[in-house]
Amino acid sequence: MISSLRGVVSHVGLTSAVIDVHGLGMLIQATPQTLATLRTGNEAFIHTAMIVREDSMTLYGFTDADQREVFEILLGVSGVGPRIALAVLAVHTPEAIRVAASSGDDKAFSKVSGIGPKGARRIVLELADKLVPHGSVENPAAPRWQEQVLAAMTGLGWSEKDATAAIEDTAAEYPDIAAAGNVGEILKLTLRRLGTDGARTASRRKAG
């Protein structure tokens, strides 16, 4: 099994990257957050997990061993394959996943694209005694882009509670855009989620 790679990054795509290890190009699948740490031409060290199937061998890459550990534990859940496990890590940090699993927070998993309410409950039930939090992440610091989008939305008249919930839903639905921290695009998508004309709706709320 290949548990890690060290080499020069030769390509970075939207969902994968290629690392040149002594002339051998190794393709890895990874989350947007992991791919964002890679730069073409620079040396990189990536923790990996290899999934071997009858017709394929696929490498999944992670910035640290903790991500890989949670990924492999998620694969032990009925109905969770590599794609879903990677999607969970694209939305939540390993520690947030531990907290959600141990506290029975199935809604945290249902925010991930591809996981419905039943699947989220199954994940919580099967991971309850397998993932123990290392520390508290109940109130993690908001990313800079989230603060900016929240400020824009409250300025338009939305309540902080409604705006925060909508922003979190948008980030869950569009993890690539959230990882890139594109404030304008996230704001547009969030306002679209709340209504086609957020400013006008907000004005009506103020008037009411």
Side-chain angles (χ1 to χ4, degrees), residues 1-7 9-21 24-38 40 44-102 104-134 137 168-180:
M1 298 295 286
I2 301 175
S3 61
S4 65
L5 295 176
R6 184 185 297 276
V9 179
S10 60
H11 172 74
V12 180
L14 294 176
T15 61
S16 63
V18 177
I19 298 180
D20 189 323
V21 182
L24 182 63
M26 307 293 288
L27 176 68
I28 62 168
Q29 305 293 321
T31 64
Q33 293 91 327
T34 294
L35 294 171
T37 67
L38 305 177
T40 302
F45 176 78
I46 293 290
H47 294 268
T48 60
M50 176 180 281
I51 305 299
V52 179
R53 290 178 173 170
E54 186 177 346
D55 58 348
S56 66
M57 289 190 297
T58 307
L59 275 176
Y60 294 86
F62 311 92
T63 54
D64 56 54
D66 192 29
Q67 291 179 359
R68 181 180 62 191
E69 178 185 7
V70 173
F71 174 81
E72 292 176 337
I73 291 175
L74 283 168
L75 292 179
V77 177
S78 303
V80 174
R83 185 183 65 82
I84 292 296
L86 206 62
V88 174
L89 282 165
V91 175
H92 301 296
T93 65
E95 185 68 357
I97 295 170
R98 288 188 172 91
V99 170
S102 64
D105 182 11
D106 58 293
K107 290 183 179 180
F109 293 103
S110 63
K111 291 180 179 180
V112 179
S113 178
I115 300 179
K118 290 183 179 179
R121 287 193 292 271
R122 183 172 62 248
I123 290 174
V124 166
L125 288 173
E126 295 191 28
L127 293 185
D129 58 350
K130 296 179 182 178
L131 288 176
V132 179
H134 292 164
V137 292
E168 289 177 350
D169 288 342
T170 299
E173 185 174 353
Y174 303 96
D176 291 1
I177 296 175

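Bear in mind that the values here come from a model prediction, so they are computed numbers and not experimental data.
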Query raised in the report: Does Arg121 reach the main-chain N or O of Lys107 with its side chain, forming a donor-acceptor pair under 3.5 Å?
Result: no
**Report entry** Residue list, salt bridge (Lys or Arg N to Asp or Glu O under 4.0 Å) with Glu72, at least two apart or on another chain
**Finding:** none
Query raised in the report: What are the two closest non-hydrogen atoms of Pro94 and Val70, and how far apart are they?
Result: CB-CG2, 3.7 Å
Requested in this report: Would you check if the side chain of Gln29 reaches a backbone N or O of Leu59 as a donor-acceptor pair within less than 3.5 Å?
Outcome: no
Query raised in the report: What do the steps show when you test Glu126 against Ser78 for side-chain contact (heavy atoms from CB on, under 4.5 Å), and what is the final call?
Result: CA-CA 8 Å; Glu126 295 191 28; Ser78 303; 3.2 Å; yes
Query raised in the report: Do any pairs count as a ring pair (Phe, Tyr, Trp, His ring centres under 6.0 Å) and have a residue in residues 49-70, sequence neighbours left out, and if so which ones?
Result: Tyr60-Phe71, Phe62-Phe71
Query raised in the report: Side chains of Gln67 and Thr63: do they bring a donor and an acceptor to under 3.5 Å?
Result: yes
Query - Side-chain touch Pro82/Thr58, heavy atoms, less than 4.5 angstrom - result: no
Requested in this report: Give a yes or no answer on whether the side chain of Ser4 reaches the backbone of His47 with a donor-acceptor pair at less than 3.5 Å.
Outcome: no
Query - Test item: Arg6 side-chain N/O and Ala44 main-chain N/O as donor-acceptor pair under 3.5 Å - result: no
**Report entry** Separation between CZ of Arg122 and NZ of Lys118, rounded to the nearest 0.5 Å
**Finding:** 10.0 Å
Query - Rounded distance [0.5 Å steps], CG in Leu127 versus CG in Leu74 - result: 6.0 Å
**Report entry** Ser110 side, atom OG; Ile115 side, atom CD1 - distance, nearest 0.5 Å
**Finding:** 8.5 Å
Requested in this report: Start with the C-alpha gap between Thr31 and Thr15, add the side-chain angles, then the distance that decides, and say whether side-chain contact (heavy atoms from CB on, under 4.5 Å) holds.
Outcome: CA-CA 7 Å; Thr31 64; Thr15 61; over 6 Å; no
**Report entry** Glu69 bridged to Arg98 by N-O distance under 4.0 Å
**Finding:** yes
Query - Validation row: Ile73, Ile97 side chains within 4.5 angstrom (heavy atoms) - result: no
Query raised in the report: Side-chain contact, heavy-atom cut-off 4.5 Å: Arg68 with Asp66?
Result: no
Query raised in the report: Looking at side-chain heavy atoms only, is the closest gap between Val9 and Asp20 below 4.5 Å?
Result: no
Report task. Please test Val124 against Phe109 for side-chain contact (heavy atoms from CB on, under 4.5 Å), starting from the C-alpha separation and ending with a verdict. Result -> CA-CA 8 Å; Val124 166; Phe109 293 103; 3.8 Å; yes
Query raised in the report: Under the 3.5 angstrom rule, does the side chain of Ser102 hit a backbone N or O of Val99 as a donor-acceptor pair?
Result: yes
Requested in this report: Tell me, with the steps shown, if Met50 and Val52 meet side-chain contact (heavy atoms from CB on, under 4.5 Å).
Outcome: CA-CA 6 Å; Met50 176 180 281; Val52 179; 3.8 Å; yes
Report task. Please check if the side chain of Thr34 supplies one atom and the backbone of Ala30 the other of a donor-acceptor pair under 3.5 Å. Result -> no
Query - Basic-acidic side-chain contact under 4.0 Å: Asp105, Lys111 - result: no
Query raised in the report: If you round to the nearest 0.5 Å, how far is CD1 of Ile28 from CG of Leu35?
Result: 6.5 Å
Query raised in the report: Do the side chains of Ile123 and Val80 get nearer than 4.5 Å, heavy atoms only?
Result: yes
Query - Pairwise distance CD1(Ile51) to OG(Ser56) - rounded to 0.5 angstrom - result: 9.5 Å
Query raised in the report: Quick check: are there more than 12 heavy atoms from other residues, nucleotides or ligands sitting under 6.0 Å from CG of Leu14?
Result: no
**Report entry** Spatial distance of atom CG (Leu89) from atom CD1 (Ile84) [nearest 0.5 Å]
**Finding:** 12.0 Å
